[in-house]
Structure formats: structure tokens, C-alpha cells
Amino acid sequence: MYYIIDSANTDEIRRCAEFYPLDGVTTNPTIISREHNGDFVTLIKTIREIIGPDRMFHIQTTASTAEGIVKEAHALREVVGGDFYIKIPVSPEGLKATMRLKKEGIKVTVTAIFTQQQALIAACAGADFVAPYVNRLDNIVSDGVLVVSEIVELFKKHNINSKVLAASFKSVEQVHKTVMSGAQAITLAPKLFENLIYHPLTLNAISDFNRDWESVYGDRDILGLINGEQ
Ligand code: G3P
């Protein structure tokens, strides 16, 4: 199971990398455009510095031809290094680029997937990950989780090694059902990522533990007691 955050906000990335089991970062042009300073190269270098070389960094191409996508993949890999994936929206030019890049050993995530057949063909072109958009499917009264679960099933049936990196979530319920369906990776906005561990009863339980401890030991903690504090 891989947890990835879908953000280019350096504060959010830093926080998630410090407090959570974070496997990587995904971005797309929309996410990048939300970081207003406009210095794309500095931004992606900073993100790489924060997450280190071993976490995945998926950066989306803005080119629309196979030639352009391949060139961008080379240049981006050079700039960010480490565990790099070029994200390519599914299209004929995107699939052509995927096949070329895989021959060169560059890792590819094929994104903006809305159907099982898009995912299958992307996988056959060599995608390491395919990224179906769960919430955007739910928004058009389709069934995002069903699409993901059928992609997972298709990959199993056909012995395909590509993994499913499910994206576009708005609720913990969508996340839960998606991972139950067998998706190997999810990418989430940082706020939703943090919500995965939120429960009011947990907060109550922690507050009760603190109150009961203080009723006997006041403000002394375990270390203080072990070190002989009275
Ligand atoms: O990674 C894809 C994702 O950014 C799309 O999410 O929330 O814009 O539907 P959303």
C-alpha cells in the first residue's frame, strides 16, 4: 500500500513527510498552478529536497505530442532525480510516449483515467501506475470505486504488473472502498490524508487517558517518574 499526497504546497508536503508514512508526491498542472510564485523549477527541486530521493515524485507533462512528452520526461528527470515518474494523461500521443519511455527505463504513470479500457491499454503500453479519478467519476453519477475495482480485477486476470494509483478523492469513505477494492496506491489532498486518522472517539479516549493520569500523577510524566521525580 502506497500513500501519496496530491499537492505542490511545500508546507503541506513537509508536514505529511514528517508525521505520516508518506511514499511520495503527485502533482499536475492544476496543483502546480495553485502555488503562486510561478517558479516551477525551484518548486519541484524544493519538493524533491523535502521528500528525499527515495520517495516517489510523479510530475505531469504539459506537452501534447509524444516527442514533447519524451523531452519533458528527460528534462524533469534530470532536474529532480531520485524516484521519478512522468505523469502522462491517457491519449494516443501519451501512449506512444509511454512505450518509448519504458524502453528507456523511465517510469510512467498514466493519468486522467476514467474507464477500465483506458487503464488496460495504458498498462499494456507499459505504465507502471494508472491513475483513475474516483471522485470525478462519482460526480457524473458513475461509480469510481467500481471502475477501480474492475481495473484491479482486469490486471489480476491478465497477469499485468501495472499498479493502480487511485486519485481524486473527496471523502474517507471513497478512500476506504477504493483500498478495499485492491488499489495498491492512493493519492490524496493533504487535508483528506490527515482526515484518515480522525475520529472524535479517539480524541475523547486520549482526553480521558490524560485526565485519569493527571488525577493521580498531576503534571509528572512517565520519564519524570522513572528518573525519580516525586
Ligand atoms: O491527481 C488527480 C487529482 O489531482 C484530481 O483530483 O480533486 O481535482 O478531482 P480532483
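What's counted below: heavy atoms across the whole structure, side chains too, no hydrogens, waters or symmetry copies. Just follow the structure's listing: the first ligand is 1, and inside any ligand the first atom is 1.
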Atom 8 (O) of ligand 1 sits nearest the protein heavy atom R136 NH2, 2.7 Å

- Query: Is a salt bridge present between E67 and K96, judged by a nitrogen-to-oxygen distance below 4.0 Å?
  - Reply: no

Any ion pair linking K170 and D138 (charged N to carboxylate O, less than 4.0 Å)? no

Ligand 1 atoms nearer than 4.0 angstrom to some heavy atom of A167 are 1 (O), 2 (C)

among protein heavy atoms, the one nearest atom 7 (O) of ligand 1 is K170 NZ, 2.8 Å

Note: F57 and I44 closest approach over all heavy atoms is CE2-O, 3.4 Å

Closest non-hydrogen contact found for L165 with I186 is CD2-C, 4.0 Å

So the atoms of ligand 1 within less than 4.0 Å of a heavy atom of Y133 turn out to be 2 (C)

Any heavy atom of N28 under 4.0 Å from ligand 1? The part involved is side chain

Under 4.0 Å between heavy atoms, the region of T30 that gets near ligand 1 turns out to be neither

| field | Six-ring centre of F209, R211 cation under 6.0 angstrom, axis tolerance 45° | value | no

Next on the checklist: Under 4.0 Å, counting heavy atoms only: does I31 come that close to any atom of ligand 1?
Outcome noted: yes

Closest to atom 1 (O) of ligand 1 among protein heavy atoms sits D6 OD2, 2.9 Å

Tested for salt bridge (charged side-chain N to carboxylate O under 4.0 Å, His left out) against D128, the lone hit among K163, K107, K102 is K102

The answer for which part of F169 has a heavy atom under 4.0 Å from ligand 1 is neither

*Please check if the distance between the ring centroids of F129 and Y85 is under 6.0 Å.*
yes

